[in-house]
Amino acid sequence: SQVVDIGQYDRRIYFDLGAKTYNSSIGGWFKTQYPGASTFDKIIAIEAEDSYDATYQGHEDVELVHAAVWTADRQVPWGTKYVVDDKSQQNRGTKQGIDLAAFLRSHVTANDFVVVRMDIEGAEWEVVPHLVRHGVLRLIDALFVEMHTNISSCCHNRKDRTRKLAIGLLQRLRDREVYVHE
């Protein structure tokens with residue numbers, strides 16, 4: 001909002017994907033450090049785990065959605081706290097997955113200013129290309145994504161999730177004129 005007049009947009013919406021606790025990013029980063037955060041009309045937190053629910057009490061300005069951010073609206077294999085997409089990882093049950101592309105299309109328009117923070121424990125390797133394939137990135141004005149690589153617990157020893165490949169994915173997004181930050 002220091003570069004763009006966000007007041008010119010119909011609505012300002014913040015999506016916190018893999019939200020965990022209220023203070024982990026909404027209260028601890030977005031509301032305290034993001035320029036213009038106080039002017040946002042809507043905050044949507046998507047978190048699959050319900051163990052963090054108590055931290056959202058008293059924060060009626062946040063819509064909490066219980067789902068795992070994914071590429072389809074279906075049950076997804078669930079590990080400790082992330083989608084299991086590799087058979088070598090331990091599956092501890094399932095969680096309801098949400099097709100992020102469809103969710104964004106149903107909640108925002110090109111006339112909205114949309115900020116997305118994504119910390120989805122390795123699922124970004126499937127979800128970000130899914131957003132590209134479905135033409136949804138044009139709806140996102142700023143994307144903050146934590147890239148989990150083969151040194152992260154969710155992606156341990158995955159040769160297809162190296163730091164070099166993560167930087168390449170971010171560069172491809174920037175080449176598409178996506179305002180993306182790691």
Side-chain angles (χ1 to χ4, degrees), residues 1 3-20 24-26 29-30 34-37 39-49 61-78 81-85 94-149 154-155 160-161 165-182:
S1 65
V3 176
V4 175
D5 175 14
I6 64 174
Q8 70 179 329
Y9 292 86
D10 292 347
R11 299 179 303 164
R12 287 147 303 282
I13 305 171
Y14 175 64
F15 288 89
D16 190 348
L17 312 178
K20 293 189 181 174
S24 66
S25 73
I26 295 170
W29 172 74
F30 179 70
Y34 191 84
T39 68
F40 273 61
D41 302 293
K42 190 166 191 137
I43 298 172
I44 299 175
I46 301 179
E47 172 56 55
E49 296 289 334
D61 59 328
V62 178
E63 178 184 341
L64 179 60
V65 176
H66 283 291
V69 175
W70 195 238
T71 61
D73 292 330
R74 65 172 174 84
Q75 292 291 312
V76 293
W78 193 251
K81 292 190 182 217
Y82 51 85
V83 174
V84 175
D85 67 338
T94 63
K95 294 285 184 180
Q96 178 58 48
I98 189 169
D99 181 336
L100 184 60
F103 189 83
L104 287 170
R105 275 197 307 284
S106 70
H107 283 77
V108 302
T109 71
N111 295 326
D112 296 326
F113 185 80
V114 177
V115 175
V116 174
R117 177 207 160 259
M118 182 183 295
D119 183 3
I120 53 177
E121 304 303 320
E124 67 275 4
W125 290 94
E126 284 79 20
V127 171
V128 170
H130 177 72
L131 296 177
V132 171
R133 283 190 305 275
H134 290 274
V136 177
L137 287 175
R138 63 180 176 72
L139 297 174
I140 300 172
D141 295 283
L143 174 62
F144 295 82
V145 59
E146 182 172 328
M147 294 298 303
H148 296 83
T149 64
C154 63
C155 310
D160 61 337
R161 296 189 177 179
L165 291 172
I167 296 299
L169 176 59
L170 295 173
Q171 187 58 55
R172 287 190 304 281
L173 292 174
R174 290 180 181 130
D175 292 344
R176 290 176 174 264
E177 298 182 357
V178 176
Y179 198 57
V180 63
H181 310 273
E182 182 180 21

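Both backbone and side-chain heavy atoms feed into the values below; hydrogens, waters and symmetry mates do not. Since this is a predicted model, take the numbers as computed values, not measurements. Along the sequence shown, the residues carry numbers beginning at 1.
- Remark: Arg161 engages Glu126 in a salt bridge, criterion side-chain N to carboxylate O under 4.0 Å.
- Here CZ of Arg172 is found 11.0 Å from CD1 of Ile167. Values are rounded to the nearest 0.5 Å.
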Criterion side-chain contact (heavy atoms from CB on, under 4.5 Å) on Met147 and Glu124, from CA distance to verdict: CA-CA 7 Å; Met147 294 298 303; Glu124 67 275 4; 3.9 Å; yes
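- Heavy-atom minimum distance, Cys155 versus Thr149: CB-O, 3.3 Å.
- Atom CE of Met118 is separated from atom CZ of Phe15 by 11.0 Å, given to the nearest 0.5 angstrom.
- Leu131 pairs with exactly one of Val178, Leu137, Leu173, Thr71 by the side-chain contact (heavy atoms from CB on, under 4.5 Å) rule, that one being Leu137.
- Of all the heavy atoms in Gln8 and Asp5, the pair that sits closest is CG-O, 2.9 Å.
- Scanning all heavy atoms of the two residues, the minimum distance from Glu47 to Ala19 falls at OE1-N, 3.3 Å.
- You'll find the side chain of Trp78 reaches within 4.5 Å of the side chain of Val83, heavy atoms only.
- Between the Gln171 side chain and the Leu169 main chain, no donor and acceptor come within less than 3.5 Å of each other.
- The shortest heavy-atom contact between Val4 and Phe113 is CG1-CE1, 4.5 Å.
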Verdict with reasoning, Arg176 to Val132, per side-chain contact (heavy atoms from CB on, under 4.5 Å): CA-CA 9 Å; Arg176 290 176 174 264; Val132 171; 3.3 Å; yes
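- The CG atom of Leu170 lies 11.0 Å from the CG atom of Leu165; values are rounded to the nearest 0.5 Å.
- Side-chain N/O atoms of His66 and Gln96 include no donor and acceptor closer than 3.5 Å.
- A distance of 10.0 Å separates CD1 in Ile13 from CG in Leu139, rounded to the nearest 0.5 Å.
- Side-chain N or O atoms of Trp125 include one that pairs as donor or acceptor with a backbone N or O of His148 at under 3.5 Å.
- With a 4.5 Å cut-off on side-chain heavy atoms, Lys20 and Glu49 do not count as touching.
- Looking at Val127, Val145, Ile46 one by one, the single match for side-chain contact (heavy atoms from CB on, under 4.5 Å) with Ile120 turns out to be Val127.
- Taking the six-membered ring wherever Trp is involved, the centroid distance between the rings of Phe30 and Phe40 falls below 6.0 Å.
- A donor-acceptor contact shorter than 3.5 Å is absent between the side chain of Arg117 and the backbone of Ser25.
- Considering CG of Leu64 and CD1 of Ile43, their distance stands at 12.0 Å, rounded to 0.5 Å.
- Of the possible polar contacts, none joining the Asp99 side chain to the Asp73 backbone as a donor-acceptor pair under 3.5 Å is found.
- Residue Tyr34 comes nearest to Ala142 through the heavy atom pair OH-CB, 4.4 Å, listed as atom of the first residue, atom of the second, then distance.
- Between Arg12 and Ile6, the closest heavy-atom pair is NH1-O, 3.2 Å.
- Considering only heavy atoms from C-beta on, Val115 comes within 4.5 Å of Phe144 through its side chain.
- Taking CD of Glu146 as the reference point, atom CG of Leu17 lies at 12.5 Å (rounded to 0.5 Å).
- Among Thr109, Asp112, Asp41, the single residue meeting the side-chain hydrogen bond (donor to acceptor under 3.5 Å, both in side chains) criterion with Arg11 is Asp112.
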side-chain contact (heavy atoms from CB on, under 4.5 Å) between Val114 and His107, intermediate numbers included: CA-CA 10 Å; Val114 177; His107 283 77; over 6 Å; no
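- Note on ring orientation: taking the six-membered ring where Trp is involved, the planes of His181 and Tyr179 are perpendicular (angle over 60°, cut-offs 30° and 60°).
- Counting non-hydrogen atoms of other residues, nucleotides and ligands closer than 6.0 Å to CZ of Arg133 gives a total above 12.
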